[in-house]
Amino acid sequence: MIKSKLLSTTITLQLPPNTPKTRLAEQTCLTLLQSYCNTFPKLTQIHAFILKNGLQNNPLVLTKFASSSSNINAIHYASSFLFPSHQTTPPSSYDAFLFNTVIRAYAQTQTHDSKSKALEFYRTMLRYGVSPNKFTFPFVLKACAGVASLRLGKLVHGSVVKFAFEDDLHVVNTMIHMYCCCEGEEGVQFAEKVFDESSKSDLVTWSAMIGGFVRLGRSARAVGLFREMQVMGVFPDEITMVSVLSACADLGALELGKWLESYIERKNIPKSVELCNALIDMFAKCGDVDKATKLFGQMESRTIVSWTSVIAGFAMHGRGLEAVSLFDEMVENGITPDDVAFIGVLSACSHSGLVDKGRTYFKSMERNFNIVPKIEHYGCMVDLFCRGGFVKEAFEFVQKMPFEPNQIIWRTVITACHATGELKLGESISKELIKNEPMHESNYVLLSNIYAKLRQWEKKTKVREIMDMRGMKKVPGSTMIEVNNEMHEFVAGDKSHDQYKEIYEMVDEMGREIKRAGYVPTTSQVLLDIDDEDKEDALYRHSEKLAIAFALLNTPPGTSIRLVKNLRVCEDCHSATKFISQVYNREIVVRDRNRFHHFKNGLCSCRDFW
DNA sequence: ATAGGGTTAG
């Protein structure tokens, strides 16, 4: 406080009236700021220039200085001169423009704390009695979105109403975005309320709402909104399409994705790099990684995201060698991989059993690229060892790594224990996990699976009882399939479908046919203490088999079948699907919680470890 | 001077 008081007195003494000399310095400085932006040495030079010419408290110069840079120190420096903490009334020259600039500068920064600063300056602005103008709220709301607090969002919303900017489209659109960024289900509800009640809307309004749903994982709703938008005669642009494609990727709806691509062509929607990346990601996640690769090849300019999307795409499909060679090609092309690219290539190695390659890449991160591995990278390595069959090594790796292992990592290890028969180790880790996080239902499921494999039915039943007692339910497995541009969703034992009778008949027929080809039901996975015949029935009711039966009934012979599951494929469905692909001569592409399985001629691309 | 967008371990 004292220090800044002294500082400001000194400056007041230094500041002469508008002599030609200071005017010249001011002009020079503004020109400098106009031409150089945001590079560190230049910023330091300009800073020195400001000090040398006594421009420290020239609002014009400081405003420009703060706004020309995303460098947080420049912004702090400028704002501390513009708004010394002891100052209670602002100089008369301080107007909304000046406040807006500082608020914008802080709103554009990356960290949560400095975004809060933007809101602090908005409060200062009000305290000083300076009225916000139509530019103020988009900046303030942007900061609010970064802070992601619903409470603050509502406060600013109140302010928007108070200053009568609720009809301004820029404000409405940013407000929707802001509410969508607030954590929790409640935020979207407010966003929808603004969306529904706004007197005006344009394509940005729709895009903000669609993008909000996508970010919250409500992809089906996002696609629904896109259809509504078209009914309303509002034309999407490339930004809207990026969000819709991302929703489509999430749903795994290939037909819709292809339609979106042709729509983009038909309507001449400009193919920005982001749009191409979204297309690549969509095709990869909808099961057509070849198409993704083709699009990648046709791009005129690519970013690291383009490369990473294809690499991650190959990884998901178990095409590790292609992922690895694309990664190497990227590096040869002079593109420096980032941490996300490494996640892609490491997971490619793990899904394809390239243990040594994976080790080499992991070591090269720090050594060659100066990237400190994050917990995700360690997670990839654990998975790499587990899938490679080295569960013990994975366990040791977990204990040595410089992070506290998280749930994801432990679950990777337990799953591997289950798959490789290290059941005692799996049991003890699961128990430990349940002790630490008693309300995470998937930990119980893992333990219960292990007891089932050990055929310890009493213990398994007890785990179930504890789950019931604590009010937890297993997430029901579901399988989705797109037929004639419509998504059909099945859950185990589902009888809600119009064709359910035919579907169940088909399931029985499938069972008979594949048994003749050598299929043996894997009843040990069924988590019920019942006799084997009933267990077999339970297996036949799995959502995946229902969806395949539905597909065999409703798609032409010889065409491929694409399924999207919310969980991992169970052992029995995996085995059955291999036989079905052979007996019915169908390629069956299944998207799992984690990866793709391409079933063809009785074999699966995952090489039976998933 | 203002708004909406792409890749991320299991």
Side-chain angles (χ1 to χ4, degrees), chain A residues 63-64 67 96-101 103-105 107 132-142 145 165 168-178 180-181 202-212 214-215 236-246 249 272-282 284-285 292 302-313 315 337-351 373-384 386-387 406-416 442 446 567-568 592-595 610:
Chain A
T63 310
K64 198 82 190 159
S67 67
F97 192 118
L98 183 134
F99 278 98
N100 289 353
T101 317
I103 293 169
R104 180 179 62 164
N133 64 17
K134 65 171 180 169
F135 297 109
T136 312
F137 285 109
F139 297 144
V140 174
L141 288 162
K142 187 175 182 175
F165 284 108
D168 185 297
L169 257 180
H170 287 271
V171 174
V172 170
N173 297 341
T174 325
M175 197 138 68
I176 291 170
H177 179 244
M178 178 278 291
C180 288
C181 290
D202 64 359
L203 89 152
V204 181
T205 321
W206 288 89
S207 290
M209 201 63 237
I210 291 171
V214 176
R215 241 175 300 121
D237 66 2
E238 73 273 23
I239 297 180
T240 322
M241 294 315 288
V242 167
S243 290
V244 181
L245 283 167
S246 161
S272 63
V273 180
E274 289 89 343
L275 182 59
C276 290
N277 294 344
L279 276 168
I280 289 172
D281 180 52
M282 180 278 291
K285 287 189 180 147
R302 307 178 179 104
T303 64
I304 180 85
V305 178
S306 327
W307 292 85
T308 306
S309 301
V310 183
I311 293 167
D338 60 8
D339 54 334
V340 185
F342 270 107
I343 291 174
V345 78
L346 289 175
S347 83
C349 291
S350 103
H351 284 286
K374 295 185 184 170
I375 192 153
E376 290 91 333
H377 301 102
Y378 283 91
C380 287
M381 292 309 285
V382 174
D383 192 49
L384 180 82
C386 284
R387 285 181 201 273
N406 59 19
Q407 297 273 314
I408 298 174
I409 287 181
W410 282 131
R411 265 177 285 192
T412 304
V413 179
I414 299 167
T415 306
S442 66
L446 288 170
L567 303 174
R568 289 189 338 139
D592 199 277
R593 179 94 230 152
N594 303 337
R595 59 165 295 154
W610 67 99

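Numbered from 1 within each chain, the chains take letters A, B, ... in sequence-line order.
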What is the separation between atom [atom1] on [X] and atom [atom2] on [N], rounded to the nearest whole Å?
X         : N      : atom1 : atom2 : result
Leu275(A) : dT7(B) : CG    : P     : 12 Å
Asp338(A) : dT7(B) : CG    : C1'   : 8 Å
Arg593(A) : dT8(B) : CZ    : P     : 13 Å
Asn133(A) : dA1(B) : CG    : P     : 13 Å
His177(A) : dT2(B) : NE2   : P     : 17 Å
Asp237(A) : dG4(B) : CG    : C1'   : 8 Å
Leu141(A) : dG4(B) : CG    : P     : 10 Å
Lys134(A) : dT2(B) : NZ    : P     : 11 Å

**Asked** Is there a stack between Phe97(A) and dA1(B), judged by ring centres under 5.5 Å and planes under 30°?
**Response**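 So yes, this residue stacks on that base, both cut-offs being met.
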
When you measure from the side chain of [X], which nucleotide among [options] comes out closest?
X         : options                 : result
Phe135(A) : dT2(B), dG5(B), dG4(B)  : dT2(B)
Arg387(A) : dT2(B), dA9(B), dG10(B) : dG10(B)
Asp202(A) : dG10(B), dT7(B), dA3(B) : dA3(B)
Ser347(A) : dA9(B), dT8(B), dA3(B)  : dA9(B)
Asp281(A) : dT7(B), dG4(B), dA1(B)  : dT7(B)
Arg215(A) : dG4(B), dA1(B), dG10(B) : dG4(B)
His170(A) : dG10(B), dT2(B), dG5(B) : dT2(B)
Glu274(A) : dT2(B), dG5(B), dT8(B)  : dG5(B)
Thr308(A) : dT8(B), dT7(B), dA3(B)  : dT7(B)

Classify the nucleic acid contact of [X] as base, sugar-phosphate or nothing, counting any heavy atom under 4.0 Å across all strands shown.
X         : value
Glu238(A) : base
Thr415(A) : nothing
Val382(A) : nothing
Ile375(A) : base
Leu245(A) : nothing
Lys285(A) : sugar-phosphate
Ile280(A) : nothing

On a plain distance test, is the side chain of [X] in donor-acceptor contact with the base of [N] below 3.5 Å?
X         : N      : value
Ser207(A) : dG4(B) : yes
Ser272(A) : dG5(B) : yes
Asp168(A) : dA3(B) : no
Asp383(A) : dA9(B) : no
Thr240(A) : dG4(B) : yes

**Request:** Applying salt bridge (Lys or Arg N to Asp or Glu O under 4.0 Å), name anything that partners Lys285(A), two or more places apart in sequence or on another chain.
**Result:**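 By the salt bridge (Lys or Arg N to Asp or Glu O under 4.0 Å) rule, Lys285(A) matches Asp281(A).
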
**Item:** Any Lys142(A) side-chain N or O less than 4.0 Å from OP1/OP2 of dA1(B)
**Value:**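 Negative; the distance criterion is not met.
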
**Parallel, tilted or perpendicular: ring planes of Phe137(A) versus Phe165(A), cut at 30 and 60 degrees** =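 Aromatic pair Phe137(A)/Phe165(A) classed tilted.
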
**Request:** Mark yes or no for whether Ser67(A), through its side chain, and Thr63(A), through its backbone, hold a donor-acceptor pair below 3.5 Å.
**Result:**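 Answer holds: yes.
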
**Item:** Asn100(A) side chain to Thr136(A) side chain, donor-acceptor N/O pair below 3.5 angstrom
**Value:**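 There is such a pair (donor and acceptor under 3.5 Å, judged by atom type) between the side chains of Asn100(A) and Thr136(A).
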
**Request:** Could you tell me the separation between the OG1 atom of Thr303(A) and the CD atom of Glu274(A), rounded to the nearest 0.5 Å?
**Result:**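 If we round to the nearest 0.5 Å, Thr303(A):OG1 and Glu274(A):CD are 7.5 Å apart.
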
**Prompt:** After noting the C-alpha distance and the side-chain angles of Ser350(A) and Asp383(A), does the key distance pass the side chain to side chain donor-acceptor pair (under 3.5 Å) rule?
**Reply:** CA-CA 6 Å; Ser350(A) 103; Asp383(A) 192 49; 2.8 Å; yes

**Asked** Which residues pass the side chain to side chain donor-acceptor pair (under 3.5 Å) test with Lys374(A), sequence neighbours left out?
**Response**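 Applying side chain to side chain donor-acceptor pair (under 3.5 Å) to Lys374(A) gives Asp339(A).
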
